[in-house]
2 protein chains.
Amino acid sequence: MTVEELLHKYDLKNTGCRKFILGEMLKSDTAQSENELKESYPDLFDRVTFYRTLKTLEERGIIHKIVLNDNSVKYALSRHHHEDNHLHSHFHCEKCDEVLCLRGKTQFEAELPQGFIMNEVFVVIEGVCAGCGIHS
Amino acid sequence: MTVEELLHKYDLKNTGCRKFILGEMLKSDTAQSENELKESYPDLFDRVTFYRTLKTLEERGIIHKIVLNDNSVKYALSRHHHEDNHLHSHFHCEKCDEVLCLRGKTQFEAELPQGFIMNEVFVVIEGVCAGCGIHS
DNA sequence: ATATATTTGCAACATTATTGCATTTGAAAT
DNA sequence: ATTTCAAATGCAATAATGTTGCAAATATAT
């Protein structure tokens, strides 16, 4: 699916910043931070526009935000509209800083206190990825 | 154990900011943000001192940091020096914003790609706590 | 009581994120 | 093609959060 089709499907206008962000995300199979997304064209769009666009895309569920334990934030396409399991798992490599989505590959169970309701679960696994493990 | 004993045990000087932060944490059974900790005495210590103190206490393992999905940060005492299982689970109430430590009450399994090494797992469950569920 | 490494406060700065408002633009209707 | 208008963008200002360097104050070992 092209970026234009994707935006049309979600009833969003086909604007420059949206096309750029989604284009960059489609090119990568890992999650990217604001600065990583901007790398090739740092000043193509105003920072405010970038924030607002990320927020819009997130609200529509086209992308999702991953907050890591060091407070840094990355974004990735949500490629899973069918299986809506409320469990969001990501792997964060401590060496190269890459973040990988792990959906479908993790299982989680919790015994909550009486009366507590669980809506969503966010999991971040910190570790070392295969590439960094070899080269160390 | 008193705050003074705790600090001595960890080979840290018995200073004002440390005593204050640990004192506030001992009073509460939920995790607290910088602003929540400071609530009763907002200007008792400089902000920089507060940050540095939190960092020191965290490095020594006396407290731990919880980063929520909205980028906010809370801190809580690490009351679990014996069971060192690398799984850090917390519940975050969407209504009252309280954060509860859930250690020992959660189970997690992940099937990582070949060659990946898992070091630590951070879990944040978003939901509604018992108190907020009743009063809604 | 003294010595000294550590802690603290202050000033400055960096990064990340938000708000209001005027201008521009996508795309629907004519 | 042109018009229209809500939506998107850029700019300026501001807020919140976190860091660094350095001088002054202080905890504690001697």
Side-chain angles (χ1 to χ4, degrees), chain A residues 2-24 31-39 41-60 62-76 92 97 99, chain B residues 2-24 31-39 41-60 62-76 92 97 99:
Chain A
T2 70
V3 165
E4 282 79 5
E5 286 167 340
L6 190 60
L7 285 169
H8 188 258
K9 179 179 157 193
Y10 280 88
D11 214 27
L12 286 173
K13 282 189 190 169
N14 219 311
T15 66
C17 193
R18 288 174 188 164
K19 284 192 282 187
F20 176 74
I21 288 179
L22 293 179
E24 291 299 307
Q32 291 172 277
S33 67
E34 179 201 348
N35 289 330
E36 286 163 351
L37 287 166
K38 280 173 146 171
E39 210 162 79
Y41 302 96
D43 299 314
L44 196 51
F45 299 99
D46 190 86
R47 236 164 106 66
V48 176
T49 303
F50 227 84
Y51 278 114
R52 288 199 268 230
T53 303
L54 288 168
K55 197 180 174 192
T56 302
L57 294 174
E58 195 195 357
E59 282 167 356
R60 300 298 174 101
I62 305 176
I63 68 174
H64 62 277
K65 182 166 110 168
I66 303 136
V67 179
L68 302 177
N69 210 245
D70 62 359
N71 297 1
S72 66
V73 176
K74 301 213 185 205
Y75 296 89
H92 178 213
D97 198 44
V99 170
Chain B
T2 69
V3 166
E4 283 78 4
E5 288 167 337
L6 190 60
L7 285 169
H8 189 259
K9 178 180 157 192
Y10 280 88
D11 212 27
L12 286 173
K13 283 188 186 169
N14 219 313
T15 65
C17 192
R18 287 173 189 165
K19 285 193 281 188
F20 176 74
I21 289 179
L22 292 179
E24 290 299 308
Q32 290 172 277
S33 67
E34 179 200 346
N35 289 329
E36 284 163 353
L37 287 165
K38 281 171 145 171
E39 208 162 79
Y41 301 96
D43 298 315
L44 195 51
F45 299 99
D46 189 85
R47 228 156 60 77
V48 175
T49 302
F50 228 83
Y51 278 112
R52 287 198 269 229
T53 303
L54 288 168
K55 197 179 173 191
T56 302
L57 295 174
E58 195 194 357
E59 283 167 355
R60 300 296 174 104
I62 304 176
I63 68 174
H64 61 277
K65 181 165 111 168
I66 303 136
V67 179
L68 301 177
N69 210 245
D70 63 358
N71 298 3
S72 66
V73 175
K74 301 213 184 204
Y75 296 89
H92 179 215
D97 198 44
V99 169

How are the rings of B/F20 and B/Y41 set to each other: parallel, tilted or perpendicular (split at 30° and 60°)?
perpendicular

First contact, last contact: which nucleotides of DNA chain C are these for chain B, 5' to 3', heavy-atom distance under 4.0 Å?
C/dA5 to C/dA17

Considering only side-chain heavy atoms of A/T15, which listed nucleotide, D/dG21, D/dG10, D/dA8, is closest?
D/dA8

Protein-nucleotide distance (B/L37, atom CG; D/dT17, atom C1'), rounded to Å
15 Å

Length of the CG-P vector between B/N71 and D/dT17, whole Å
10 Å

Does a donor on one side chain and an acceptor on the other come within less than 3.5 Å for B/N35 and B/S33?
no

To the nearest 0.5 Å, what is the distance between SG (B/C17) and CG (B/L54)?
7.0 Å

Quantify the bending of the helix from C/dA1-D/dT30 to C/dT30-D/dA1 as the angle between its end axes, each fitted on five pairs, to 10°.
30°

Do B/K74 and B/E34 sit within salt-bridge range, that is, some charged N less than 4.0 Å from a carboxylate O?
no

Please tell me if the side chains of B/Y75 and B/Q32 come closer than 4.5 Å, counting only heavy atoms from C-beta onward.
no

Between B/L6 and B/T2, is there a side-chain heavy-atom distance shorter than 4.5 Å?
no

Regarding [X], tell me which of base, sugar-phosphate or nothing describes its non-hydrogen contacts under 4.0 Å with the strands shown.
X     : answer
B/T56 : nothing
A/R18 : sugar-phosphate
A/N35 : sugar-phosphate
B/N14 : sugar-phosphate

Base D/dG10 paired with A/R52 side chain (donor-acceptor, <3.5 Å):
yes

Any donor-acceptor pair under 3.5 Å from A/E24 side chain to A/I21 backbone:
no

Hits for side-chain contact (heavy atoms from CB on, under 4.5 Å) against A/E58, two or more places apart or cross-chain, chain-then-number order -> A/I63, A/K65

